[in-house]
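Read through the structure below, which is laid out as structure tokens, and then see the notes.
Here is the naming used below: chain letters follow the sequence lines, and residue numbers restart at 1 for every chain.
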Protein chains: 2
Amino acid sequence: MKPLKGAVLLGQSGGPTSVINASAAGVFITAIDSEHITDVYGAVHGIRGILNEEFYDMRKEDRRELELLKNTPSSSIGSVRYKLADPAKDDTDYKRLLEVFKKYNIRYFFYNGGNDSMDTANKINEFMKNSGWDMRVMGVPKTIDNDLNITDHSPGYGSAARYVATTFMELFHDATVYDIPQVTIVEVMGRHAGWLTAASQLAKELGQGPDLIYIPEQAFDIDTFNRRVKEVLAEKGKVLVAVSEGVQTADGKFIPEILGEIKRDSFGHAQLGGTASILASEVEKNLGIKVRAIEFSLMQRSAAHLASKVDVEEAYNAGKLAVEHAINGVSGKMVGFKRLSSKPYKMEYVLIPLTEAANTEQKVPLEWILPNGEGLTQEFVDYALPLIQGDGGVVYENGLPRFAKLKKVIAPKK
Amino acid sequence: MKPLKGAVLLGQSGGPTSVINASAAGVFITAIDSEHITDVYGAVHGIRGILNEEFYDMRKEDRRELELLKNTPSSSIGSVRYKLADPAKDDTDYKRLLEVFKKYNIRYFFYNGGNDSMDTANKINEFMKNSGWDMRVMGVPKTIDNDLNITDHSPGYGSAARYVATTFMELFHDATVYDIPQVTIVEVMGRHAGWLTAASQLAKELGQGPDLIYIPEQAFDIDTFNRRVKEVLAEKGKVLVAVSEGVQTADGKFIPEILGEIKRDSFGHAQLGGTASILASEVEKNLGIKVRAIEFSLMQRSAAHLASKVDVEEAYNAGKLAVEHAINGVSGKMVGFKRLSSKPYKMEYVLIPLTEAANTEQKVPLEWILPNGEGLTQEFVDYALPLIQGDGGVVYENGLPRFAKLKKVIAPKK
């Protein structure tokens with residue numbers, strides 16, 4: 001298909017990662033350099049920016065700052081958690097999107113996000129196709145949870161995994177320093193998929209990681225957990241535990257749910273957190289010793305200074321390829337990764353229909369998980385290790401990261 | 001004075017830092033290379049290792065691993081929190097130390113720690129002097145709290161400050177990403193001195209740090225705090241707060257103390273933590289929005305991957321100089337730092353009597369602190385910035401830090 005002449009629009013959605021802006025850099029720079037693209041917009045806070053006609057004019061940015069976006073964490077143009085209705089039930093928002101797309105001659109829309117965002121992109125693609133507005137809609141994956149379907153992995157995971165493994169190594173040295181019994185329970189993000197917590201296995205492999213690893217794919221049993229902590233403590237005098245915020249008991253209850261109320265976000269997802277501190281109280285009660293609870297909190301998804309080179313490059317290329325494919329006529333697809341080999345790491349970029357990428361969570365295979373919190377198998381290590389390789393390339397000035405400073409020029413309303 | 005022929009013993013004490021092992025490397029390598037030193041021991045868990053006659057024979061370690069100690073966080077030979085009695089009241093421990101020193105011909109004792117450790121080193125030095133056992137006792141400073149007296153700063157602070165500033169920059173990008181009101185309260189270590197929390201000013205300077213900074217040097221008023229959060233929220237829509245765990249109200253109450261019980265360690269120090277989450281609940285109650293509490297927890301003192309070059313080098317040199325001075329006859333001193341200028345940074349190593357270094361906490365000068373949580377002055381920035389410069393030099397293997405692997409050969413009992 002021949003290229004459409006028109007504007008490119010990028011929206012960022014969902015929770016931050018270290019490399020979501022690397023994908024943005026890939027989209028913006030490729031679009032700016034393309035002869036087919038008239039304007040390059042960044043939607044201010046994703047879908048909401050489109051509904052509000054609030055766009056940054058990315059052509060007004062300095063090239064160097066766009067390059068620095070590769071190593072700037074989070075969503076530089078603003079993210080959003082906004083769920084579009086099912087268009088069959090309520091197409092108000094879609095009609096508004098169409099109106100705005102026409103007004104600004106937006107012929108290319110890229111949505112950078114996780115499961116929900118791919119679903120959103122898919123709905124927009126379908127609606128625009130049916131409306132007769134000739135445009136191309138592409139998904140660019142990002143999620144530290146690594147739970148997007150079909151794709152081997154997603155941008156954001158490798159860097160977050162590198163943070164988790166590195167930080168566990170450092171915590172191991174800290175948490176084993178005294179000659180007194182010590183139990184440290186560390187909570188890692190992951191509501192339903194345990195990929196990120198599993199990355200602590202990379203530290204465990206080196207003898208500097210958690211003794212016990214618990215992820216949501218396996219039912220969590222509090223009695224077994226208590227027994228295992230007691231056993232490791234008796235054996236080693238110290239226990240370091242990695243636990244996903246989303247571990248659930250066999251009857252599907254989250255740890256905070258057993259004690260308190262759970263808040264839900266606009267997608268209906270449980271807002272967890274507090275899992276480690278609740279388990280710490282449990283162990284304190286049982287063993288009568290002080291237990292430290294640690295949450296990696298927002299650091300695990302924003303620690304750009306620990307981003308992996310592989311992740312930054314792949315994130316950038318995913319954005320770049322989305323633009324190139326769209327110009328060449330592709331629509332309704334997400335740029336994904338297909339692994340050809342792990343040793344050495346070989347990967348090819350593929351196009352995955354948005355319908356397949358969205359709304360199905362890819363979880364850690366059960367056969368990669370050892371029983372009783374013992375950790376993950378060699379298969380997992382072979383899978384994860386290539387993704388954390390290399391330094392992401394943060395530039396330092398005066399001892400601190402030099403993140404991108406965007407001018408954020410608002411495009412004039414049309 | 002002429003050098004004593006005999007063994008060197010190093011003890012590590014107190015909470016970990018990123019560079020305590022860099023000082024250990026300085027002591028061990030310098031001692032091993034000295035013609036005057038017969039044996040080089042590491043006390044297993046500080047004073048307790050001496051009382052128990054448990055020493056690692058550091059001559060059995062590979063040189064490369066000793067070099068890697070420079071970038072390995074925490075206390076590789078084990079730390080301890082053990083308070084020696086006042087020898088005037090109970091000299092049991094001191095007699096036992098003397099017995100062990102004689103048995104192993106220990107003529108050089110180095111103690112690496114903070115305030116309490118310098119006090120311990122001082123008591124040991126006095127006792128040994130009075131006992132007639134000819135030996136030299138030197139203090140090597142370390143503390144992320146930066147509260148040791150007389151010295152301009154202490155090893156461990158620069159690296160922890162770099163972690164705090166870098167992480168605040170990254171959190172800033174994360175915590176301002178949505179188009180909804182967001183309040184994020186981050187708790188930084190520091191019981192009585194606010195140096196480490198103040199380092200968040202370095203991020204604030206760059207427009208990527210906390211809006212409000214609270215340190216223990218200034219009385220904390222909950223009403224003013226609530227008002228300021230509300231004001232910043234109204235103005236910016238987001239609020240990022242840095243708060244020392246040790247902030248106290250005008251009548252000397254810690255934040256957790258207002259709500260709950262405080263545990264104390266063996267030195268009688270309050271075990272804090274929970275300050276941020278208590279303040280978060282307070283703001284949630286007042287403003288009716290979700291507030292996130294984050295603790296930098298053990299990460300701020302063990303993130304060797306963010307150690308500053310200046311800090312690693314100074315920590316190493318402090319250990320090295322302690323050995324060199326002791327061999328030349330110095331005893332009862334701590335190696336400290338005297339700043340000659342900040343721009344450019346010029347510093348000279350000095351010897352500070354242990355009596356002066358110990359037990360007086362150096363705090364952030366009141367004139368460097370702006371009112372109402374507005375932050376720190378340029379004087380603070382000029383002070384802190386030189387200390388976070390440069391990359392500490394962690395070696396990476398397979399994407400992860402290559403920390404030292406010691407053989408930990410226990411020296412045969414004599």
Side-chain angles (χ1 to χ4, degrees), chain A residues 12 15-16 18 44-45 48-49 72-76 78-81 162 165-167 169-171 173-180 184 202-203 206-208 263 271 273 290 292 294-299 301-306 308 310 385 387-391 396 398-401 403 405, chain B residues 12 15-16 18 44-45 48-49 72-76 78-81 162 165-167 169-171 173-180 184 202-203 206-208 263 271 273 290 292 294-299 301-306 308 310 385 387-391 396 398-401 403 405:
Chain A
Q12 296 179 325
S18 288
V44 182
H45 296 295
R48 213 185 302 269
T72 304
S74 191
S75 305
S76 60
S79 187
V80 72
R81 293 193 186 275
R162 189 164 185 243
T166 303
T167 307
M169 288 177 72
E170 293 173 338
L171 287 182
H173 287 273
D174 191 301
T176 57
V177 77
Y178 293 117
D179 56 346
I180 49 168
T184 309
L202 302 177
L206 300 174
Q208 301 165 66
K263 296 169 188 170
Q271 294 292 288
K290 193 177 177 301
R292 191 185 281 267
I294 295 176
E295 286 185 45
F296 284 164
S297 193
L298 306 185
M299 289 81 87
R301 68 184 194 187
S302 61
H305 72 274
L306 268 177
S308 80
V310 168
L385 207 49
L387 309 180
I388 67 158
Q389 296 304 307
D391 177 77
Y396 287 89
N398 231 342
L400 294 173
F403 293 137
K405 291 175 203 160
Chain B
Q12 296 178 325
S18 286
V44 181
H45 296 294
R48 212 185 305 269
T72 303
S74 192
S75 305
S76 61
S79 187
V80 72
R81 292 192 185 278
R162 189 164 185 242
T166 303
T167 307
M169 289 178 72
E170 294 174 337
L171 287 183
H173 287 273
D174 191 301
T176 58
V177 77
Y178 294 117
D179 56 347
I180 49 168
T184 309
L202 303 178
L206 300 173
Q208 303 164 66
K263 297 171 189 168
Q271 295 292 288
K290 194 176 176 300
R292 190 184 282 267
I294 295 176
E295 285 185 44
F296 285 164
S297 193
L298 306 185
M299 287 83 85
R301 68 184 195 188
S302 62
H305 73 274
L306 268 177
S308 80
V310 168
L385 208 48
L387 309 180
I388 67 159
Q389 297 304 307
D391 178 76
Y396 288 89
N398 232 342
L400 294 173
F403 294 136
K405 292 175 202 160

Q.
Heavy-atom cut-off 4.5 Å, strictly under: side chain, backbone, both or neither for Ile180(B) against chain A?
A. neither
Q. Should Ser297(A) and Glu295(B) count as side-chain neighbours, where that means a heavy-atom distance under 4.5 Å?
A. no
Q) Could you give the distance from OH (Tyr396(B)) to CZ (Arg162(A)), rounded to the nearest 0.5 Å? A) 5.5 Å
Q) Can you name the residues that form a ring pair (Phe, Tyr, Trp, His ring centres under 6.0 Å) with Phe296(A), not counting sequence neighbours? A) Tyr163(A), Phe168(A)
Q | For Tyr178(A) against Pro16(B), the heavy-atom pair lying closest together | A | OH-CD, 4.2 Å
**Q.** Part of Ser76(B) within contact of chain A (heavy atom distance under 4.5 Å)
**A.** neither
**Q.** Heavy-atom pair of closest approach, residues Asp174(A) and Ser74(B)
**A.** CA-OG, 3.6 Å
Q: Using a cut-off of under 4.5 Å on heavy-atom pairs, state which of Leu298(A), Leu385(A), Ile388(A) scores highest against chain B.
A: Leu298(A)
Q. Which pair of non-hydrogen atoms, one from Gly399(B) and one from Gln389(A), has the smallest distance, and what is that distance?
A. N-OE1, 3.4 Å
Q. Sequence neighbours excluded, which residues qualify as side chain to side chain contact (heavy atoms under 4.5 Å, CB included) partners of Leu206(B)?
A. Leu400(A), Met169(B), Gln208(B)
Q | chain B interface, residue from Thr184(A), Thr72(A), Thr176(A), Leu306(A) that has the most non-hydrogen pairs under 4.5 Å | A | Leu306(A)
(Q) Can you tell me how the ring of His173(A) sits relative to the ring of Phe403(B), calling it parallel under 30°, perpendicular over 60° and tilted otherwise? (A) perpendicular
Q. For Met299(B) and Thr167(A), which heavy atoms make the closest approach, and how far apart are they?
A. CG-CG2, 3.5 Å
Q | Residue pair Ala303(B) / Glu170(A): nearest heavy atoms and the distance that separates them | A | CA-OE1, 3.2 Å
